[in-house]
Amino acid sequence: MTTLVTGATGNTGRHVVAELVRRGERVRALTRNPAATAGRFPAEVELVAGTHNEPGTLDAALDDVSRLHITVTAGLAEVGHELVQRAVAAGVRRITVLWGGWVGPVEQAVVDSGVEWTRLEAQEFMSNTLTWAESIRADGVVREPYDFPSALVHEADIAAVAAVALLDDGHAGRSYNLTGPESLTPRERIAILSRATRRDITFEPITHEQAIDRLMTTGVSPADAEYVVGWYAAPSDSSTTVDDTVERVTGRPARTFTQWVAEHTERF
(Lines give C-alpha, C1' and ligand atoms only; values in the text may rest on other atoms or scores of the structure.)
Protein backbone atom coordinates (compact mmCIF):
# COMPACT_ATOMS: atom_id res chain seq x y z
CA MET A 1 0.00 0.00 0.00
CA THR A 2 1.11 3.54 -0.75
CA THR A 3 0.97 6.54 1.58
CA LEU A 4 0.76 10.06 0.15
CA VAL A 5 2.32 12.77 2.31
CA THR A 6 1.25 16.34 1.60
CA GLY A 7 3.54 19.19 2.57
CA ALA A 8 6.37 16.70 2.23
CA THR A 9 9.15 19.29 2.29
CA GLY A 10 7.79 21.18 5.30
CA ASN A 11 8.93 21.13 8.92
CA THR A 12 6.82 18.08 9.77
CA GLY A 13 6.12 16.51 6.36
CA ARG A 14 9.75 15.62 5.71
CA HIS A 15 9.86 13.81 9.05
CA VAL A 16 6.68 11.89 8.21
CA VAL A 17 8.28 10.74 4.95
CA ALA A 18 11.46 9.71 6.76
CA GLU A 19 9.56 7.79 9.44
CA LEU A 20 7.48 5.89 6.90
CA VAL A 21 10.60 5.01 4.90
CA ARG A 22 12.29 3.84 8.09
CA ARG A 23 9.39 1.47 8.62
CA GLY A 24 9.76 0.08 5.11
CA GLU A 25 6.62 1.65 3.62
CA ARG A 26 5.94 2.85 0.08
CA VAL A 27 5.84 6.63 0.23
CA ARG A 28 4.71 9.22 -2.28
CA ALA A 29 5.80 12.76 -1.43
CA LEU A 30 3.78 15.69 -2.74
CA THR A 31 5.93 18.70 -3.61
CA ARG A 32 5.58 21.72 -5.87
CA ASN A 33 8.96 21.07 -7.48
CA PRO A 34 10.12 17.42 -7.50
CA ALA A 35 13.30 18.24 -9.43
CA ALA A 36 14.43 20.74 -6.82
CA THR A 37 13.78 18.41 -3.90
CA ALA A 38 14.96 15.10 -5.35
CA GLY A 39 18.15 15.02 -3.31
CA ARG A 40 16.37 15.62 -0.01
CA PHE A 41 14.68 12.22 0.15
CA PRO A 42 15.83 8.59 -0.10
CA ALA A 43 15.79 7.16 -3.62
CA GLU A 44 12.82 4.90 -2.83
CA VAL A 45 10.52 7.88 -2.18
CA GLU A 46 8.29 8.65 -5.17
CA LEU A 47 8.12 12.41 -5.75
CA VAL A 48 4.97 13.78 -7.36
CA ALA A 49 4.31 17.35 -8.42
CA GLY A 50 1.42 19.27 -6.92
CA THR A 51 -0.03 21.07 -3.94
CA HIS A 52 -2.90 19.99 -1.72
CA ASN A 53 -4.32 23.50 -2.09
CA GLU A 54 -5.28 22.53 -5.67
CA PRO A 55 -7.04 19.16 -5.22
CA GLY A 56 -8.33 19.14 -8.80
CA THR A 57 -4.77 18.55 -9.99
CA LEU A 58 -4.05 15.57 -7.74
CA ASP A 59 -5.67 12.66 -9.58
CA ALA A 60 -2.31 11.16 -10.53
CA ALA A 61 -0.87 11.76 -7.06
CA LEU A 62 -3.81 9.93 -5.44
CA ASP A 63 -3.75 6.97 -7.82
CA ASP A 64 -3.30 3.70 -5.86
CA VAL A 65 -2.97 5.58 -2.55
CA SER A 66 -4.59 3.94 0.47
CA ARG A 67 -3.26 6.21 3.23
CA LEU A 68 -2.98 10.00 3.33
CA HIS A 69 -1.25 12.47 5.61
CA ILE A 70 -2.59 16.04 5.45
CA THR A 71 -0.87 19.06 6.97
CA VAL A 72 -3.33 21.91 7.34
CA THR A 73 -1.71 25.04 5.91
CA ALA A 74 -2.85 28.51 4.93
CA GLY A 75 -5.41 28.44 2.14
CA LEU A 76 -6.41 24.82 2.63
CA ALA A 77 -9.61 25.59 4.53
CA GLU A 78 -11.35 26.70 1.32
CA VAL A 79 -10.52 23.51 -0.60
CA GLY A 80 -9.95 20.95 2.13
CA HIS A 81 -13.38 19.38 1.75
CA GLU A 82 -12.71 18.75 -1.94
CA LEU A 83 -9.28 17.31 -1.15
CA VAL A 84 -10.77 14.82 1.31
CA GLN A 85 -13.62 13.90 -1.05
CA ARG A 86 -11.22 13.25 -3.93
CA ALA A 87 -8.92 11.21 -1.71
CA VAL A 88 -11.73 8.97 -0.47
CA ALA A 89 -13.10 8.55 -4.01
CA ALA A 90 -9.61 7.53 -5.14
CA GLY A 91 -9.43 4.76 -2.55
CA VAL A 92 -7.84 6.34 0.54
CA ARG A 93 -9.03 4.48 3.62
CA ARG A 94 -6.94 5.98 6.41
CA ILE A 95 -6.10 9.67 6.99
CA THR A 96 -3.97 11.52 9.50
CA VAL A 97 -4.44 15.27 9.69
CA LEU A 98 -2.03 17.64 11.41
CA TRP A 99 -4.42 20.34 12.54
CA GLY A 100 -4.07 24.06 12.03
CA GLY A 101 -4.58 24.87 15.71
CA TRP A 102 -8.33 24.27 15.92
CA VAL A 103 -10.96 22.00 14.39
CA GLY A 104 -11.64 23.91 11.18
CA PRO A 105 -13.20 22.94 7.84
CA VAL A 106 -10.41 20.55 6.84
CA GLU A 107 -10.32 18.78 10.17
CA GLN A 108 -14.12 18.42 10.12
CA ALA A 109 -14.08 17.14 6.54
CA VAL A 110 -11.72 14.38 7.65
CA VAL A 111 -14.04 13.44 10.52
CA ASP A 112 -17.00 13.33 8.11
CA SER A 113 -15.10 11.38 5.44
CA GLY A 114 -16.35 7.93 6.40
CA VAL A 115 -12.82 6.47 6.57
CA GLU A 116 -10.45 5.89 9.47
CA TRP A 117 -8.89 9.12 10.70
CA THR A 118 -6.59 10.40 13.42
CA ARG A 119 -6.17 14.09 14.26
CA LEU A 120 -2.76 15.25 15.45
CA GLU A 121 -3.31 18.23 17.73
CA ALA A 122 0.31 19.31 18.01
CA GLN A 123 1.06 22.26 20.22
CA GLU A 124 3.90 24.67 19.46
CA PHE A 125 6.59 23.24 17.17
CA MET A 126 10.18 23.42 18.36
CA SER A 127 11.04 24.61 14.85
CA ASN A 128 9.26 27.90 15.64
CA THR A 129 12.49 28.74 17.43
CA LEU A 130 14.12 29.17 14.02
CA THR A 131 12.32 32.51 13.73
CA TRP A 132 14.87 33.74 16.28
CA ALA A 133 17.88 32.66 14.25
CA GLU A 134 18.45 35.86 12.29
CA SER A 135 18.33 38.20 15.29
CA ILE A 136 20.51 35.83 17.33
CA ARG A 137 23.12 35.69 14.58
CA ALA A 138 22.96 39.46 14.03
CA ASP A 139 23.06 40.81 17.59
CA GLY A 140 22.44 38.02 20.08
CA VAL A 141 18.91 39.19 20.94
CA VAL A 142 15.51 37.51 20.94
CA ARG A 143 12.56 39.90 20.77
CA GLU A 144 9.15 38.58 21.85
CA PRO A 145 6.08 40.14 23.48
CA TYR A 146 5.51 37.42 26.10
CA ASP A 147 7.52 35.06 28.28
CA PHE A 148 4.92 32.41 29.02
CA PRO A 149 5.80 28.68 29.05
CA SER A 150 5.11 26.37 26.11
CA ALA A 151 5.29 22.57 25.98
CA LEU A 152 6.99 22.57 22.59
CA VAL A 153 7.01 19.36 20.58
CA HIS A 154 9.73 18.09 18.24
CA GLU A 155 8.55 17.76 14.64
CA ALA A 156 10.01 14.24 14.42
CA ASP A 157 7.78 13.18 17.32
CA ILE A 158 4.71 14.48 15.49
CA ALA A 159 5.84 12.42 12.51
CA ALA A 160 6.40 9.33 14.63
CA VAL A 161 2.84 9.51 15.97
CA ALA A 162 1.54 10.09 12.43
CA ALA A 163 3.34 6.98 11.17
CA VAL A 164 1.93 4.83 13.97
CA ALA A 165 -1.59 6.10 13.29
CA LEU A 166 -1.24 5.53 9.55
CA LEU A 167 0.23 2.05 9.76
CA ASP A 168 -1.10 0.47 12.94
CA ASP A 169 -4.65 -0.36 14.00
CA GLY A 170 -6.31 1.12 17.07
CA HIS A 171 -6.00 4.84 16.36
CA ALA A 172 -9.11 5.53 14.30
CA GLY A 173 -11.29 8.35 15.58
CA ARG A 174 -8.64 9.55 18.01
CA SER A 175 -7.50 13.14 18.60
CA TYR A 176 -3.98 13.23 20.00
CA ASN A 177 -2.70 16.23 21.94
CA LEU A 178 1.03 16.32 21.26
CA THR A 179 3.61 18.09 23.41
CA GLY A 180 7.23 17.71 24.33
CA PRO A 181 8.43 16.44 27.73
CA GLU A 182 8.88 19.89 29.33
CA SER A 183 7.23 23.30 29.36
CA LEU A 184 9.71 26.12 28.74
CA THR A 185 9.48 29.91 28.65
CA PRO A 186 11.33 31.83 25.93
CA ARG A 187 13.96 32.84 28.50
CA GLU A 188 14.51 29.19 29.41
CA ARG A 189 14.84 28.25 25.75
CA ILE A 190 17.30 31.11 25.27
CA ALA A 191 19.42 29.75 28.13
CA ILE A 192 19.61 26.37 26.37
CA LEU A 193 20.52 28.08 23.10
CA SER A 194 23.19 30.15 24.86
CA ARG A 195 24.86 27.05 26.23
CA ALA A 196 24.73 25.27 22.86
CA THR A 197 26.08 28.22 20.86
CA ARG A 198 28.49 29.36 23.59
CA ARG A 199 27.39 32.94 23.29
CA ASP A 200 25.33 35.38 25.34
CA ILE A 201 21.76 35.71 24.06
CA THR A 202 19.41 38.19 25.70
CA PHE A 203 15.63 38.55 25.81
CA GLU A 204 14.15 41.90 24.81
CA PRO A 205 10.40 42.41 25.33
CA ILE A 206 8.36 44.04 22.57
CA THR A 207 4.71 45.07 22.52
CA HIS A 208 1.80 43.01 21.27
CA GLU A 209 1.36 45.47 18.40
CA GLN A 210 5.04 45.28 17.42
CA ALA A 211 4.80 41.51 17.25
CA ILE A 212 1.75 41.72 14.97
CA ASP A 213 3.46 44.27 12.71
CA ARG A 214 6.53 42.05 12.48
CA LEU A 215 4.47 39.11 11.28
CA MET A 216 2.58 41.23 8.77
CA THR A 217 5.84 42.40 7.17
CA THR A 218 6.47 38.74 6.28
CA GLY A 219 3.19 38.53 4.37
CA VAL A 220 0.95 37.17 7.13
CA SER A 221 -2.58 38.59 7.02
CA PRO A 222 -3.71 40.88 9.87
CA ALA A 223 -6.20 38.27 11.08
CA ASP A 224 -3.64 35.46 11.09
CA ALA A 225 -1.05 37.69 12.75
CA GLU A 226 -3.52 38.58 15.50
CA TYR A 227 -4.35 34.89 15.99
CA VAL A 228 -0.70 33.84 16.29
CA VAL A 229 0.31 36.61 18.70
CA GLY A 230 -2.91 36.14 20.64
CA TRP A 231 -2.06 32.46 21.07
CA TYR A 232 1.11 33.49 22.88
CA ALA A 233 -0.70 36.19 24.87
CA ALA A 234 -3.21 33.74 26.34
CA PRO A 235 -1.82 30.21 26.05
CA SER A 236 -4.22 27.37 26.73
CA ASP A 237 -3.66 24.67 29.33
CA SER A 238 -3.09 22.14 26.54
CA SER A 239 -0.23 24.23 25.14
CA THR A 240 1.55 24.73 28.46
CA THR A 241 0.94 21.36 30.17
CA VAL A 242 3.12 18.37 29.33
CA ASP A 243 1.18 15.45 27.85
CA ASP A 244 2.65 11.94 27.57
CA THR A 245 0.80 11.03 24.35
CA VAL A 246 3.98 10.80 22.27
CA GLU A 247 5.43 8.19 24.62
CA ARG A 248 2.15 6.28 24.95
CA VAL A 249 1.68 6.04 21.17
CA THR A 250 5.28 5.48 20.06
CA GLY A 251 6.63 3.59 23.06
CA ARG A 252 9.54 5.99 23.66
CA PRO A 253 9.94 9.35 25.43
CA ALA A 254 9.34 12.57 23.54
CA ARG A 255 12.47 14.41 22.42
CA THR A 256 13.65 17.35 24.52
CA PHE A 257 14.29 20.90 23.37
CA THR A 258 17.96 20.37 24.16
CA GLN A 259 17.99 17.53 21.64
CA TRP A 260 16.33 19.74 19.04
CA VAL A 261 18.87 22.51 19.62
CA ALA A 262 21.76 20.06 19.20
CA GLU A 263 20.36 19.21 15.75
CA HIS A 264 20.12 22.87 14.70
CA THR A 265 22.87 24.70 16.57
CA GLU A 266 24.68 25.77 13.41
CA ARG A 267 21.62 27.76 12.29
CA PHE A 268 22.00 30.10 15.25
Side-chain angles (χ1 to χ4, degrees), residues 5-20 22 29-32 37 40-41 69-74 76 96-101 120-138 142-163 176-197 201 203 211 214-215 218-220 224-225 227-229 231-232 235 238-240 242-243 245-246 250 253-268:
V5 178
T6 73
T9 59
N11 287 330
T12 58
R14 60 189 178 87
H15 286 291
V16 176
V17 171
E19 187 67 20
L20 292 170
R22 188 187 69 79
L30 188 66
T31 172
R32 291 178 184 274
T37 58
R40 298 171 61 179
F41 295 109
H69 176 74
I70 300 172
T71 298
V72 177
T73 56
L76 187 58
T96 51
V97 56
L98 176 56
W99 76 340
L120 310 176
E121 298 183 355
Q123 299 303 319
E124 185 176 5
F125 297 177
M126 291 183 183
S127 61
N128 286 358
T129 308
L130 291 172
T131 62
W132 298 349
E134 184 176 350
S135 66
I136 288 176
R137 290 195 304 267
V142 170
R143 299 175 178 88
E144 292 294 340
Y146 303 106
D147 194 35
F148 296 130
S150 176
L152 304 97
V153 60
H154 196 301
E155 298 75 36
D157 285 335
I158 300 171
V161 173
Y176 287 139
N177 181 56
L178 304 180
T179 76
E182 55 197 344
S183 189
L184 301 170
T185 66
R187 292 180 192 270
E188 290 170 331
R189 289 154 65 186
I190 288 168
I192 293 171
L193 281 165
S194 292
R195 290 193 292 271
T197 59
I201 305 171
F203 178 85
R214 182 175 62 183
L215 274 177
T218 67
V220 176
D224 286 345
Y227 170 78
V228 171
V229 178
W231 187 90
Y232 289 106
S238 58
S239 69
T240 60
V242 171
D243 190 309
T245 299
V246 169
T250 67
R255 295 168 174 88
T256 66
F257 183 67
T258 298
Q259 288 175 286
W260 182 92
V261 169
E263 297 165 8
H264 299 277
T265 303
E266 74 285 351
R267 302 185 69 172
F268 296 92

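Start at 1 with the first residue, then count along the sequence.
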Spacing of CE belonging to M126 relative to OG1 belonging to T256, to within rounding of 0.5 Å:
6.5 Å
L178 to T245 - nearest heavy-atom pair and separation:
CD2-CG2, 3.8 Å
pair E155-R255: side-chain heavy atoms closer than 4.5 Å:
no
With R143 via salt bridge (Lys or Arg N to Asp or Glu O under 4.0 Å) - residues at least two apart:
D139, E204
With the threshold set at 4.0 Å, does a side-chain nitrogen-carboxylate oxygen contact exist between E134 and R137?
no
Whether S239 side chain and S150 backbone form a donor-acceptor pair below 3.5 Å
no
Is it the case that more than 12 heavy atoms not belonging to Q259 sit under 6.0 Å from its CD atom?
yes
Quick one: pull up CD1 in I192 and OG1 in T197 and give me the separation to the nearest 0.5 Å.
11.5 Å
For residues W231 and E124, is any side-chain donor paired with an opposing acceptor at under 3.5 Å?
no
Can you sort out the partners of R14 under salt bridge (Lys or Arg N to Asp or Glu O under 4.0 Å), two or more places apart, ordered by chain and number?
none
Working note: N128 + L152, criterion side chain to side chain contact (heavy atoms under 4.5 Å, CB included); need CA distance, chi angles, decisive distance, verdict.
CA-CA 9 Å; N128 286 358; L152 304 97; 5.6 Å; no
Heavy-atom distance under 4.5 Å between the side chains of D157 and T250, does that happen here?
no
Test item: F268 and L130 side chains (from C-beta on) under 4.5 Å apart, heavy atoms:
yes
What one should report as the nearest heavy-atom pair of T265 and A196 is CG2-O, 3.6 Å
Closest heavy-atom pair, V17 versus A29, reported as atoms and distance to 0.1 Å, is CG2-CB, 4.3 Å
Can you tell me if R187 has over 12 outside heavy atoms packed within less than 6.0 Å of its CZ?
yes
Roughly how far, to the nearest 0.5 Å, is CD of E121 from CH2 of W99?
4.0 Å
OG1 on T240 to CG on L184, rounded to 0.5 Å:
12.0 Å
Could you give the distance from CD1 (I70) to CG (L30), rounded to the nearest 0.5 Å?
11.0 Å
Nearest heavy-atom pair of A225 and V220: which atoms, and what distance?
N-CG1, 3.5 Å
In this structure, CH2 of W132 is separated from CZ of R267 (nearest 0.5 Å) by 14.5 Å
Atom of A8, atom of F41 and distance for their closest heavy-atom approach
O-CZ, 3.2 Å
So, using ring pair (Phe, Tyr, Trp, His ring centres under 6.0 Å) as the criterion, who are the partners of F257 when residues are at least two apart?
W260
So, T179 side chain and D243 main chain: donor-acceptor pair closer than 3.5 Å or not?
yes
With a 4.5 Å limit on heavy-atom distance, are the side chains of H154 and E263 in contact?
yes
In short, H69 meets L120 closest at the heavy-atom pair CE1-CD1, 4.0 Å
For the residue pair T129 and R189, confirm or rule out a side-chain donor-acceptor distance under 3.5 Å.
yes
Under 3.5 Å donor-acceptor, T185 side chain and E188 backbone
yes
